[in-house]
There are 2 protein chains.
Amino acid sequence: MKILIVDDDPHIRDVVRFALEQANFDVDEAADGKQGLDLFDPAVHQLIVLDVMMPEMDGTEVCRKIRAEAATPIIFLSSRDDEIDKVLGLELGADDYIAKPFSPRELVARVKAMMRRLELDGGGKAPADDAEIMEHGELKLDRTSFEAFWGDHAIELTKTEFMMVWGMMRYPTKVYSREALMRLAYDDHNVVVSDRTIDSHVRHIRKKFEAIDAAPIETVHGVGYRLAKAVDG
Amino acid sequence: MKILIVDDDPHIRDVVRFALEQANFDVDEAADGKQGLDLFDPAVHQLIVLDVMMPEMDGTEVCRKIRAEAATPIIFLSSRDDEIDKVLGLELGADDYIAKPFSPRELVARVKAMMRRLELDGGGKAPADDAEIMEHGELKLDRTSFEAFWGDHAIELTKTEFMMVWGMMRYPTKVYSREALMRLAYDDHNVVVSDRTIDSHVRHIRKKFEAIDAAPIETVHGVGYRLAKAVDG
DNA sequence: CATCGACAATTAGAATCTTCATATCGGCAT
DNA sequence: ATGCCGATATGAAGATTCTAATTGTCGATG
């Protein structure tokens, strides 16, 4: 997975590229909005660094077009306050912005923060990522059969529900934001749903486990959800 | 606190000095690397504006020597792309650079941006800035799981509480004013709450730790709060 | 057409944040 | 020491924000 930089100023591109590569990211560059759209591939780019003010096609328009096909997070670069207003006016979902002038260090920090928030960095290298079966305490999932178990009890989960729990199992102690859960549930990054929808899925999962007095998911108020701690002996 | 300018070109020095003084900074000048090192005092200079290409001792070397004794942020001035690469190759901590030709306005903007960042950080380059886990004595925080530990005991903190402690961990010996704590707790930097509110959060945090006879936060009368000293052996 | 799952909208309820009033403490001058 | 004043601690109530649970619509499926 790569990061796509779209900026008409080659100097800025250099800085950004260098900073990100130092931080061990792979980078693609585009010199204007059109080229950016051409180059962009939702399956390849996990994040976009996008200048707001560009000749030809400005950043907000690029954003809109990208949004039409993918929910890939975007970090805007902007210098003037009114540009920032414009960016904020967008439906800033998985987005952030940085005011110029920015330091390379700040950029990298933001990118990392975004990755963390969206649970993208773990995207391919979770512990036991390609396992067929994962366990955490009483909870066991089998992705070959799409079945969940709590101890010996089998639980029927729908695809979305299963994917959410499966995803959380990769880092069973981590708190997942709703945004992150969204990405776990829909491995294609193009879906954008309301946070309440996530609540709803969580509720359905809980309900199914309640039937056998199990509570696999706990709430972290104001942050998200987390798997219940394993208490086995 | 002053800003130190190191550049062999007297004309540039004039421009920079004038711009910065207009913006209400105090300025010291040095005409080459050696003189810069002589003049530099970590206790006096808050920031350095440093030309990369200078006769005798070039900017990167000056930087290295300064880094040997202080983490003072440096803004590099450079004209050629290969110089920029060289600068970026340094361990850019709290550093930035400006390409020549630059406008005085841009310089001032960068300097101010840097100051802003430093202040928000609590002054200087934060150690372990984007770490997932931080420890100080018995205290350990994990920001992926939003959990706090004192030794082996897990402590439940709310989001605001967690953010405050997490922020203080970055400089575990520093005293944080209530205002500073406010900034740590709310990533939206425009939230304004009463000082008493901070006291209240501190109290809540303390209460949770009291349950296990731990005292992670101490009061510095008239100034603010600070993490308790680490006493581990 | 009936059924089921996915999702959104709503509102009831819970957790958390904030403030306020009061008690206590710390530093300082007498 | 003693008393004063500003700073901090404490407890509790109110406001605010977040979550849980209910319900209804849409679309896909059989």
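Both backbone and side-chain heavy atoms feed into the values below; hydrogens, waters and symmetry mates do not. Proteins come first, then strands; the chains are lettered A, B, ... in the order of their sequence lines, and each starts at number 1.
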Which residue, B:R196 or B:S200, contacts DNA chain D at a nucleotide closer to its 5' end, judged by nearest heavy atom?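 Nearest nucleotide further toward 5': that of B:R196.
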Using heavy atoms and a sub-4.0 Å distance, could you list which residues of residues 203-215 of chain A are near DNA chain D? By number, please.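 Of all residues in residues 203-215 of chain A, the ones placing a heavy atom under 4.0 Å from DNA chain D are A:R203, A:R206.
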In this structure, how many angstroms lie between the [atom2] atom of [N] and the [atom1] atom of [X], rounded?
| X | N | atom1 | atom2 | value |
| --- | --- | --- | --- | --- |
| B:K159 | C:dA14 | NZ | P | 22 Å |
| A:D199 | C:dA9 | CG | C1' | 12 Å |
| B:E161 | C:dT18 | CD | P | 11 Å |
| B:I198 | D:dT10 | CD1 | C1' | 17 Å |
| B:M164 | C:dC17 | CE | P | 10 Å |
| A:M163 | C:dC7 | CE | P | 13 Å |

Considering only [options], which nucleotide approaches the side chain of [X] most closely?
| X | options | value |
| --- | --- | --- |
| A:H221 | D:dA9, C:dT18, D:dT17 | D:dT17 |
| B:Y186 | C:dC17, D:dT19, C:dT18 | C:dT18 |
| A:R178 | D:dT19, D:dT8, C:dT19 | D:dT19 |
| A:H201 | C:dT19, D:dT19, C:dC7 | C:dC7 |

Non-hydrogen side-chain atoms of A:V44 and A:M1 separated by less than 4.5 Å: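 A:V44 does not reach A:M1 side chain to side chain.
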Note: [X]-[Y] ion pair, threshold 4.0 Å (strictly below):
| X | Y | value |
| --- | --- | --- |
| A:R203 | A:D199 | no |
| A:K140 | A:E147 | no |
| A:K208 | A:E161 | yes |
| A:R183 | A:E179 | no |

Keeping the roles fixed (side chain from A:R13, backbone from A:E29), state whether a donor-acceptor pair exists under 3.5 Å.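 Answer holds: no.
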Would you classify B:T160 as touching base, sugar-phosphate or nothing, given that sugar-phosphate means primed atoms plus P, OP1 and OP2, and contacts are heavy atoms under 4.0 Å?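 If one applies the 4.0 Å heavy-atom cut-off, B:T160 turns out to touch the sugar-phosphate alone, with no base involved.
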Does B:Y176 have B:K174 sitting over its ring (NZ/CZ under 6.0 Å from centre, angle to axis within 45°)?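 Yes; both conditions hold, so B:K174 lies above the ring face of B:Y176.
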Shorter than 3.5 Å, N or O on both sides, protein versus nucleotides 1-4 of chain D: list them out with atom names.
none

Roughly how far, to the nearest 0.5 Å, is the CZ atom of A:R226 from the CE atom of A:M168?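 One finds 11.5 Å between CE of A:M168 and CZ of A:R226.
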A:Y97 and A:R110: side-chain donor and acceptor closer than 3.5 Å?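 Not at all, the side chains of A:Y97 and A:R110 share no donor-acceptor pair under 3.5 Å.
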